[in-house]
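Below, chains carry the letters A, B, ... as their sequence lines are ordered, and counting in each starts from 1.
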Amino acid sequence: MAQYIKPRVPRGMRDILPEQMIRRQYVIEVIRNVFEEFGFEPLQTPAMELSEVLTGKYGPDAEKMIYQAGHTGGKEDISLRYDLSVPLCRVVAMYPQLPKPFKRYQIDPVWRAERPQKGRYRQFFQCDADTVGSESMLADAENVNLIYQVLSRLGFKGFQIHLNDRKVITGIGLFSGVPSKQLGGLYRSIDKLDKIGLDGVTAELRENEIPEDVIAKLLTLLQIEGDSDSVLSELEDQLGEYEIAHEGISELRDLISFMDTLGIPETSYQINVSMVRGLEYYTGPIYETVQDASIGSITGGGRYDELIGSFSKQGFPATGTSFGIERIIDLMNASDMYPSTVGKTVTQVLMTVFDDTLMSESLKLATRLRQGGIRTEVYHRPGKLSTQMKYADTKGIPYAVILGSDELAAGNAAIRDMSSREQEDVPLDRIVDKIQQLISC
RNA sequence: GUGGAUGUAGCUCAGGGGUAGAGCGCCUGACUGUGGAUCAGGAGGCCGUGGGUUCAAUCCCCAUCAUCCACCCCA
């Protein structure tokens with residue numbers, strides 16, 4: 001008895017079988033179309049980067065989750081990429097001649113060595129669109145527009161794009177008077193507002209020995225709600241004396257003004273002072289989208305004006321957003337949000353093979369179907385139509401073409417509509433036209 | 001890294017100290033030129049892995065691994 005290796009994949013990684021792959025390709029296609037519609041162009045970078053390119057960019061917590069990719073005898077210290085933004089910055093610094101603004105999109109896997117759970121994988125695809133070389137809030141407004149367009153076209157309703165600004169957050173830090181060492185913990189507690197509520201945040205702040213008067217001041221900030229104009233003027237009242245916060249507030253004002261002009265409905269976004277985002281490299285507006293609290297955010301992004309400067313004397317302002325398609329697909333699967341054109345199979349016709357003597361006739365007809373642009377599978381074992389029908393049915397192939405001796409004698413073949421079970425004899429030279437017509441409607 | 005739950009047929013799961021069951025799925029036939037129904041057969045499991053207790057373990061105990069969930073953090 002042979003010793004078998006138990007077939008399995010690394011934890012947090014998975015195979016995507018054809019039926020799921022078809023859905024995934026549909027989602028990616030929608031995203032790609034929107035990206036290109038806005039003038040973003042494709043880019044690909046290696047799955048691995050030199051470790052030095054990745055370190056020191058994400059913050060200490062995130063950095064622990066970078067996969068080391070060395071091999072025995074390897075001389076280079078290399079790692080699997082953690083996201084697509086840092087490689088982009090490396091590219092921009094490496095090819096300074098790229099015309100600015102440089103707008104690129106990238107749809108590729110990234111790796112994070114964390115504990116898998118719902119909506120969290122160790123290998124997952126990010127779909128990023130970024131603009132390098134524009135300090136205008138228009139670039140950020142376009143990012144938000146991408147989010148709005150993609151999610152709307154995929155059929156999402158009721159999603160909320162949360163907006164904030166790193167400069168406002170810094171202002172909150174100054175405002176609270178908390179020593180810089182404790183700021184991380186402060187932001188983390190604030191970030192949990194949506195999850196644990198005001199009382200929960202208060203309790204956490206007390207545990208972290210934040211002074212009561214600071215807590216009281218923070219709470220008034222965190223309770224600011226309403227339309228973006230009133231939130232912004234309230235923030236200005238509270239934080240305006242801090243220059244950095246003032247800057248952040250006016251960035252958000254510009255951003256929202258562009259968003260309005262671009263036609264993004266007010267109901268789809270909100271300013272959320274408590275939304276922090278963990279990655280260290282953000283410097284300005286930040287945004288993330290929540291659809292279903294149980295699965296976390298489905299998009300995330302923001303401005304990172306300093307990151308390219310860590311690779312080159314010549315820095316560039318940059319901003320971008322990222323779609324997490326694993327989570328988007330998980331949500332779409334749960335609510336079956338796919339149009340009927342997204343089927344179980346890419347095959348459009350099963351060419352049956354009646355018996356050995358008719359194999360060559362079937363193959364010739366299949367070739368004509370393919371030349372007519374019809375995706376055609378030929379059944380490989382002649383005989384027993386019932387088996388072939390069952391196969392077409394199980395796979396969800398919409399049409400079967402039957403070429404038996406009777407049909408051939410009459411110069412016909414039968415086209416069977418698998419869902420209606422209706423069947424029609426059609427002259428052989430009209431088969432391609434007929435099926436093209438059936439498929440297009 | 002921390003805590004909790006679960007690992008039995010391809011899938012969903014039941015069971016219980018004496019080496020195993022259901023439903024669905026799969027294969028074959030009734031249906032010798034036609035798939036979603038019915039009926040009849042059939043294939044398929046060292047009960048996650050390693051140790052311990054026992055005359056005996058899939059069941060009890062320990063360890064380990066994996067999966068899921070939560071925390072941390074994130075898409």
**Asked** So among A:Asp165, A:Asp140, A:Thr299, which one has a side chain to side chain contact (heavy atoms under 4.5 Å, CB included) with A:Tyr287?
**Response** A:Asp140

Does a side-chain N-to-carboxylate-O contact under 4.0 Å join [X] and [Y]?
X	Y	result
A:Glu422	A:Arg416	no
A:Arg166	A:Glu280	no
A:Arg206	A:Glu212	yes
A:Arg104	A:Asp130	yes
A:Arg122	A:Glu114	no

**Fill in**
Note, RNA chain B 5' to 3' with Watson-Crick or G-U pairs under 3.5 Å encoded as ( ), [ ], | and . gives (((((((..((((....[..)))).(((((.......))))).....(((((..]....))))))))))))....

**Request:** Please name all residues satisfying side-chain contact (heavy atoms from CB on, under 4.5 Å) with A:Glu41, sequence neighbours left out, ordered by chain then number.
**Result:** none

**Fill in**
Test salt bridge (Lys or Arg N to Asp or Glu O under 4.0 Å), reference A:Glu326, set A:Arg120, A:Arg23, A:Arg24, A:Arg112, output is A:Arg24

**Qualifying residue for salt bridge (Lys or Arg N to Asp or Glu O under 4.0 Å) with A:Glu49, from A:Arg90, A:Arg81, A:Lys57** = A:Arg90

**Complete:** Smallest heavy-atom separation, A:Ile107 atom then A:Cys127 atom, equals CG2-SG, 3.8 Å

Separation of the [atom1] atoms in [N] and [M], to the nearest angstrom:
N	M	atom1	answer
B:C31	B:G17	P	48 Å
B:G44	B:A9	P	15 Å
B:A22	B:G42	P	12 Å
B:U67	B:C11	P	15 Å
B:A56	B:U28	C1'	40 Å
B:A43	B:A20	P	16 Å
B:C24	B:G41	P	15 Å
B:U53	B:C65	C1'	23 Å

For a quick test of your reading: what N or O donor-acceptor pairs under 3.5 Å do the side chains of residues 434-441 of chain A make, sequence neighbours left out?
| residue | atom | partner | partner atom | Å |
| --- | --- | --- | --- | --- |
| A:Gln436 | NE2 | A:Gly372 | O | 2.6 |
| A:Ser440 | OG | A:Gln436 | O | 3.3 |
| A:Ser440 | OG | A:Gln437 | O | 3.1 |

Rounded off to whole Å, could you give me the [atom1]-to-[atom2] distance for the [X] and [N] pair?
X	N	atom1	atom2	value
A:Arg120	B:C69	CZ	C1'	12 Å
A:Glu19	B:C11	CD	C1'	14 Å
A:Tyr287	B:A75	OH	C1'	15 Å
A:Ile147	B:A75	CD1	C1'	12 Å

**Asked** Do we get A:Arg32 above A:Tyr105's six-membered ring, with its NZ or CZ under 6.0 Å from the centre and within 45° of the axis?
**Response** no

**Prompt:** Within 45° of the axis and under 6.0 Å from the centre of the six-membered ring of A:Tyr282, does NZ or CZ of A:Arg303 qualify?
**Reply:** no

**Complete:** Distance col, row A:Ile31:CD1 vs A:Leu154:CG, nearest 0.5 angstrom, shows 6.0 Å

**Item:** Interface with RNA chain B, restricted to residues 108-116 of chain A and to heavy atoms under 4.0 Å
**Value:** A:Arg112, A:Glu114, A:Arg115

**Message:** Need to verify one output field. Residue with the more 5' nearest nucleotide on RNA chain B, A:Pro10 or A:Ser322?
**Reply:** A:Pro10

**Item:** Contact nearer the 5' end of RNA chain B, comparing A:Met13 with A:Ile295
**Value:** A:Met13

**Whether A:Phe124 stacks on the six-membered ring of B:A75 base, 5.5 Å and 30° limits** = yes

**Asked** Which is true for A:Tyr121 with a 4.0 Å heavy-atom rule: it touches a base, it touches only sugar-phosphate, or it touches nothing?
**Response** base

**Message:** Within the 4.0 Å heavy-atom criterion, would you say A:Lys192 contacts the bases, only the backbone, or no part of the nucleic acid?
**Reply:** sugar-phosphate

**Message:** For the CD atom on A:Glu225, are there more than 12 heavy atoms of other groups (residues, nucleotides or ligands in this structure) within a distance under 6.0 Å?
**Reply:** no

**Message:** Any side-chain N or O of A:Gln117 below 4.0 angstrom from OP1/OP2 of B:C69?
**Reply:** no

**Letter per nucleotide, 5' to 3', of nucleotides 25-36 of chain B [B base touched, S only sugar-phosphate touched, - untouched; heavy atoms, 4.0 Å]** = --S-S---BBBB

Between protein and nucleotides 5-7 of chain B, what N or O pairs are separated by less than 3.5 Å?
none

